[in-house]
Enquirer: 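Got a structure for you, questions after.
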Number of protein chains: 2
Amino acid sequence: MARRGQSGDGDTPSEILDVAERLVQRRGFNAFSYADVAAELHVTKAALHYHFAGKAELGEALLSRYAARFADALAAIDAEPATAPRKLAAYADLYGDVLRDGRMCLCGMLAAEYQTLSEPMRRILTRFFSDNEAWLERVLAKGREEGTLHFTGTSGEAAGLIVAALEGAMLVARPFGDVARFQAAAASLLAGLL
Amino acid sequence: MARRGQSGDGDTPSEILDVAERLVQRRGFNAFSYADVAAELHVTKAALHYHFAGKAELGEALLSRYAARFADALAAIDAEPATAPRKLAAYADLYGDVLRDGRMCLCGMLAAEYQTLSEPMRRILTRFFSDNEAWLERVLAKGREEGTLHFTGTSGEAAGLIVAALEGAMLVARPFGDVARFQAAAASLLAGLL
DNA sequence: GTCTATAACGAGATAGAC
DNA sequence: GTCTATCTCGTTATAGAC
């Protein structure tokens, strides 16, 4: 059974989210419209408003789904036995996969547009970064304890640097249309932790 | 003589650029309008169109001025004798100063919106990052040569990581309204190069 | 160099039929 | 659940007076 997109389900709300997500990740939340999504799905804007009352509600659904998917990916990394460096490499690959599809991280994109977002969207967004850093902090602490990772400062500080560096590496790589630029930065970052 | 803003000159085009720049750095290029700038300067939108034909032309002027100002700041760092680590710290401070004013780096913001920009804007933007990395590459190579900096990989790779990490640290710090978050990431980054 | 006025378009959203 | 039709507003941009 052919299944496209990342959401398994082929129901209308999911299809709307799939299209909107790609548009936001490529162009930004303030540069996509209901008309864009409607045209691509061959439905009318009114149909979209039936499923998502307004742009803010659509944005919240987008963020919630993205954060949940990311959390699942982190759980999947934790499910397999691996050294801390390998877990970090797997983490960086999550970002690389998004970039390879020509997209910015949804949350990195929305972070840039933060001041124009609704309160609910803001809360989910900051939560995303906090959760990511908390996961990284655990991996980093374990790695340092096991002797597989070496860094100065706290695990929390290193976690913050990793999130920042990966988001920034995606941000800068996209204008150059050059995934290798991201890979080089990620490799350089992780090499500094060995 | 009282002088506000960063542009020395108090002529109309400069004032327009000052206001537009702040709006773009806080809200994004696709979330500010001629009406916003006009209202703040107590002039009409038509007056703005006299100085900058369209939004794209205004954006080009914005980017050119920002890039020139940044280049001046790098020249100023080079003008004084300092160790490579001190130069890197001064470089990171350029970003910190922008963030302390509640702003994202203009070029980081526009990098997120890259796919919606005009060709001329795109060219100036990528040039900005290339120039920054070239400057960093020189500082890094010198520092390694002098033994004041230590890192694996090429100077170019390390330069790319620094730009990415600082841009990303700004991006992530803003949603938290927390400059300390940026400072911690910058410190952690530079500590890894000692 | 700045104004008033307005054109032309697209965005977000709603009412009500089917 | 999707449609047609419509509304209102904001945005970019221009013409022409002062």
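Here the structure is a predicted model, which means the values were calculated and not measured. A, B, ... follow the sequence lines: proteins, then strands. Residue 1 opens every chain. Heavy-atom basis, side chains included; hydrogens, waters and symmetry copies ignored.
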Enquirer: Over how many whole Å does the gap from A/F29 atom CZ to C/dA11 atom C1' extend?
Expert: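 These atoms are roughly 13 Å apart.
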Enquirer: Just how far, in rounded Å, is C1' of D/dA13 from NE2 of B/H49?
Expert: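 Rounded to whole Å, this separation is 5 Å.
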Enquirer: Give the residues of residues 52-63 of chain B touching DNA chain D, defined as any heavy atom closer than 4.0 Å, sorted by residue number.
Expert: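 Going residue by residue through residues 52-63 of chain B, the ones with a heavy atom under 4.0 Å of DNA chain D turn out to be B/G54, B/K55.
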Enquirer: Which side-chain hydrogen bond (donor to acceptor under 3.5 Å, both in side chains) pairs, counting each pair once, include a residue from residues 176-194 of chain A, with sequence neighbours left out?
Expert: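 Every pair satisfying side-chain hydrogen bond (donor to acceptor under 3.5 Å, both in side chains) with a residue in residues 176-194 of chain A: A/R181-B/E133.
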Enquirer: Salt bridge (charged side-chain N to carboxylate O under 4.0 Å, His left out) with B/D97: which residues, sequence neighbours excluded?
Expert: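 Scan of B/D97 (salt bridge (charged side-chain N to carboxylate O under 4.0 Å, His left out), adjacent residues dropped) gives B/R100.
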Enquirer: Using the test side-chain contact (heavy atoms from CB on, under 4.5 Å), find all partners of B/T44 that sit at least two apart in sequence or belong to another chain.
Expert: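 With neighbours one apart ignored, the set is B/A46, B/A47.
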Enquirer: Take atom CG of B/N30 and atom C1' of C/dG10, then tell me their distance rounded to the nearest Å.
Expert: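 The answer, rounded to whole Å, is 14 Å.
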Enquirer: Separation of A/R27 atom CZ from C/dA11 atom P, in whole Å?
Expert: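 Between P of C/dA11 and CZ of A/R27: 10 Å.
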Enquirer: In a table with atom names and distances, give each donor-acceptor pair under 3.5 Å that connects a side chain of residues 151-168 of chain B to protein atoms at least two apart or in another chain.
Expert:
from   : atom 1 : to     : atom 2 : distance (Å)
B/T154 : OG1    : B/G156 : N      : 3.4
B/T154 : OG1    : B/E157 : N      : 3.0
B/E157 : OE1    : B/T154 : N      : 3.1

Enquirer: For residues 79-88 of chain B, which side-chain donor-acceptor pairs fall under 3.5 Å, sequence neighbours excluded?
Expert:
from  : atom 1 : to    : atom 2 : distance (Å)
B/T83 : OG1    : B/R86 : N      : 3.4
B/K87 : NZ     : B/D78 : OD1    : 3.1

Enquirer: Is there a donor-acceptor pair closer than 3.5 Å between any side-chain N or O of B/D36 and the backbone N or O of B/S33?
Expert: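 Side chain of B/D36 to backbone of B/S33: a pair is present.
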Enquirer: Does anything in residues 137-149 of chain A form a side-chain hydrogen bond (donor to acceptor under 3.5 Å, both in side chains)? List the pairs, not counting sequence neighbours.
Expert: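 Residue pairs passing side-chain hydrogen bond (donor to acceptor under 3.5 Å, both in side chains), neighbours aside: none found.
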Enquirer: Suppose we screen for ring pair (Phe, Tyr, Trp, His ring centres under 6.0 Å). Which residues come up paired with A/F182, at least two apart in sequence or across chains?
Expert: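 Counting only residues at least two positions away or on another chain, A/F182 forms no ring pair (Phe, Tyr, Trp, His ring centres under 6.0 Å).
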Enquirer: What string of B, S and - do you get for nucleotides 2-7 of chain D, 5' to 3', when a contact is any protein heavy atom under 4.0 Å?
Expert: BBB---
Enquirer: Using only side-chain N and O atoms of B/S33, determine if any of them is under 4.0 Å from OP1 or OP2 of D/dT11.
Expert: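 Yes, because at least one side-chain N or O of B/S33 sits under 4.0 Å from OP1 or OP2 of D/dT11.
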